[in-house]
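Note that these values count all heavy atoms, side chains included, but never hydrogens, waters or copies made by symmetry. Along the sequence shown, residues are numbered consecutively beginning with 1. Small disclaimer: the values here were computed from a predicted structure and weren't measured.
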Amino acid sequence: MANYLNDVSRTFGEYLLIPGLTTKQCIPTNVSLKTPLVKFKKDENPAISLNIPFVSAIMQAVSGPDLAIELARNGGLSFLFGSQSIASQVDMVRKVKKFKAGFVVSDSNLTPENTLADVINLVRKTNHSTIGITDDGHPNGKLLGIVTSRDYRIERDDPKMKVSDFMTPFDKLIFGMSGISLSEANQILWENKLNTLPIIDEDRNLIYFVFRKDYDSHRENPCELSDANKKLIVGAGINTRDYKERVPTLIEAGVDVLCIDSSDGYSDWQGETLHWIKAHYGDKIPVGAGNVVDGEGFRYLTDAGADFVKVGIGGGSICITREQKGIGRGQATALMDVANTRDQYMREKGVYVPICSDGGLVHDYHMALALAMGADFLMMGRYFARFDESPTKVLRVGNNYVKEYWGEGSNRAQNWQRYDMGGNESLKFEEGVDSYVPYAGKMKDNLDVTLGKIKATMCSCGATTIGDLQKNAKITLVSSTSIVEGGAHDVILKDQG
């Protein structure tokens, strides 16, 4: 007969945290949510750490470039979905890496002979209001002037008017020279009350723009996740089919970390993919793997070279793998099992391999529970799909505003690589559904509330770091009756309408 596990498969909703001593130091402003993203040796620092323990799911309805930009600005990381062409995914990576590097290469350029109509069309196409005017219309041509939204009036000016008639010419520009530091450039911006500072070389060729809004953005987002060159950090999902073509192209585009996307990661195909990437790139590009639900799966992927491991099968809000295949495990039970093996692996090998909890998060307090149970960071789909920055449009269904949200295992996603078992035929049955989620507005507004709740919970547990929480948290199993007791009960609620 099959091996039978006596433990009950449990979810986050079956547990609560017991308060610890809240000292005077345990206040939200003292709480750090910094956490490792990739493996590291004992007494060493990880190559990449997150400033908040959130990553977005590898899904078409979630992780596009706009969400990747906004999440990185707030300290987290997105894994751009892999169920698309290599060229399309590469374009997304490049868009994120170009978003803000302090010194920005201009990708909106015209010549003095262009017209106002050309300016208007370019602004609509790129959404960039600052245009570099060069002799040849190229990003590194000789700078002749710039055009901003203050230089023309669409409703009054003639669309046929030449750019040379309304641009700010070079002799009226304040500029910086090649070799200037970012802090020096920002100082010039502030001293001269400028919004834009062009940077040129000794031949007057345009090299970069430095924007005041980028300085303001960094000040407003102190947790921003960026690399040594001040570029935002971004990840990408890959599969076990075309990785030999996809991985080199993504690395060339500047991707910072990869993750193999699969509903079941305990497989030869993931092992082979990890071995190939490590054989060709070593530690140059970290790669995560998964998903698994027990310590055996964790060890398999870690031994194959995984830099982090994702935990969870069938717990996502749009995932029906358990229903369709009878495969999976309660997310809380799976997470605690893998975390225990992760800690044992650290004691044996002296290497800490972070684990990512993927799925099963219904309420914000579940996030704190997942971290206390051993997760280093959390991957979420439904949570991020609700925001303006996700790829889908806002729709009105009945009296409610919603956004579309579909699983990578649905027919709509056509992501057969994620579920393929080595054969030549595509997905035979669905492991995900097509649905709506309530529209929630801007990410930052919602994210700040969620992070505030997590910090408050940690303070109640007497912890100011995720490591402290994992070491000292007390967790209790709750009965169905006590779950009812924990909500509003035995009262008549007022109508909030």
Side-chain angles (χ1 to χ4, degrees), residues 3 5 7 35-49 55 58 79 82 235-244 246-248 250-251 255-313 327-329 331 333-359 373-377 379 417-422 470:
N3 295 321
L5 302 183
D7 62 314
T35 189
L37 176 71
V38 298
K39 68 183 178 185
F40 58 97
K41 294 180 180 179
K42 186 179 180 180
D43 300 324
E44 294 184 0
N45 294 320
I48 304 176
S49 292
V55 299
I58 309 170
F79 286 94
I238 61 173
N239 61 69
T240 58
R241 281 285 186 147
D242 65 5
Y243 60 90
K244 292 181 181 179
R246 190 175 293 265
V247 170
L250 288 169
I251 292 174
V255 76
D256 297 283
V257 58
L258 302 170
C259 184
I260 305 172
D261 184 30
S262 174
S263 64
D264 177 10
Y266 190 10
S267 71
D268 281 345
W269 292 281
Q270 285 218 13
E272 290 174 0
T273 303
L274 287 166
H275 285 305
W276 186 89
I277 294 173
K278 292 303 177 182
H280 284 78
Y281 297 100
D283 294 330
K284 180 180 178 181
I285 182 73
V287 54
N291 288 17
V292 300
V293 291
D294 64 6
E296 188 176 306
F298 171 86
R299 281 191 174 270
Y300 175 82
L301 294 176
T302 302
D303 290 342
D307 290 281
F308 66 86
V309 175
K310 283 206 296 153
V311 179
I313 294 178
I327 296 292
R329 198 178 193 185
Q331 188 66 11
T333 301
L335 182 57
M336 288 186 284
D337 186 354
V338 175
N340 182 60
T341 304
R342 185 266 320 275
D343 294 343
Q344 184 178 347
Y345 188 90
M346 173 66 174
R347 291 189 293 270
E348 293 175 5
K349 308 285 187 178
V351 176
Y352 186 90
V353 182
I355 58 176
C356 168
S357 181
D358 179 15
M373 289 175 177
D376 295 283
F377 56 98
M379 177 172 281
Q417 296 100 330
R418 191 174 198 266
Y419 296 86
D420 181 64
M421 298 298 288
Q470 293 172 346

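R299 and D303 are not joined by a salt bridge, as no carboxylate oxygen comes within less than 4.0 angstrom of a charged side-chain nitrogen. Salt-bridge annotation for D307 and K278: present, with a side-chain N of the basic residue lying under 4.0 Å from a carboxylate O of the acidic one.
Side-chain contact check for C259 versus I58: some heavy-atom pair is nearer than 4.5 Å.
Considering CG of L335 and CD1 of I355, their distance stands at 5.0 Å, rounded to 0.5 Å. Between the CG atom in L37 and the SG atom in C356 there is a gap of 8.5 Å [rounded to 0.5 Å]. Atoms CE and CG, from M379 and D261 in turn, are 7.5 Å apart once rounded to the nearest 0.5 Å. Put simply, CG on D7 and CE on M336 are 9.0 Å apart, with the number rounded to the nearest 0.5 Å. Atom NZ in K244 sits 11.0 Å away from atom CD1 in I277 (nearest 0.5 Å). Of the inter-residue distances, the one linking Y243 atom OH with I238 atom CD1 reads 9.0 Å to the nearest 0.5 angstrom.
A donor-acceptor pair under 3.5 Å links the side-chain atoms of Q270 to the main chain of G290, judged by distance alone. Here the side chain of Y352 pairs no donor or acceptor atom with the backbone of K42 at under 3.5 angstrom. Formation of a donor-acceptor pair under 3.5 Å by the E272 side chain with backbone atoms of S267 is not found in this model.
In plain terms, the two heavy atoms of P36 and P46 that are nearest each other are CB-CG, 3.9 Å. Between V338 and F298, the closest heavy-atom pair is CG1-CD1, 3.7 Å. When all heavy atoms of A236 and L250 are compared, the closest pair comes out as CB-CD1, 4.0 Å. Taking each heavy atom of V257 and F79 in turn, the nearest pair found is CG1-CE2, 3.8 Å. Across every non-hydrogen atom of D337 and G295, the tightest pair is OD1-N, 3.7 Å. Closest of all the heavy-atom pairs between V353 and T302 is CG2-CG2, 3.6 Å.
For N340, the CG atom is densely surrounded, since the number of other residues' heavy atoms within 6.0 Å is greater than 12.
Evaluation of the ring-ring contact (aromatic ring centres under 6.0 Å, His included) rule for Y345 yields no partner, not counting sequence neighbours. For the side chain to side chain contact (heavy atoms under 4.5 Å, CB included) test, residues two or more places apart in sequence or in another chain that qualify with T35 are L50, P53, D376, F377, I466. For H280, the ring-ring contact (aromatic ring centres under 6.0 Å, His included) test picks out W276, with sequence neighbours left out.
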TODO: For S262 and T240, run side-chain contact (heavy atoms from CB on, under 4.5 Å): C-alpha distance rounded to whole Å, both residues' side-chain angles, the deciding distance at 0.1 Å, then the answer.
DONE: CA-CA 9 Å; S262 174; T240 58; over 6 Å; no
Open item on the list: What verdict does the side-chain contact (heavy atoms from CB on, under 4.5 Å) test give for Y300 and V292, after you've listed the backbone C-alpha separation in whole Å, the side-chain angles of each residue and the deciding distance to 0.1 Å?
Closed with: CA-CA 10 Å; Y300 175 82; V292 300; over 6 Å; no
- [ ] May I have the step-by-step check of side-chain contact (heavy atoms from CB on, under 4.5 Å) for R342 and V309, ending in yes or no?
- [x] CA-CA 10 Å; R342 185 266 320 275; V309 175; over 6 Å; no
Open item on the list: Under the criterion side-chain contact (heavy atoms from CB on, under 4.5 Å), I'd like the reasoning laid out for V287 against L274: C-alpha separation, chi angles, the key distance, then a yes or no.
Closed with: CA-CA 8 Å; V287 54; L274 287 166; 3.7 Å; yes
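There is a side-chain donor-acceptor pair under 3.5 Å between Q331 and S357.
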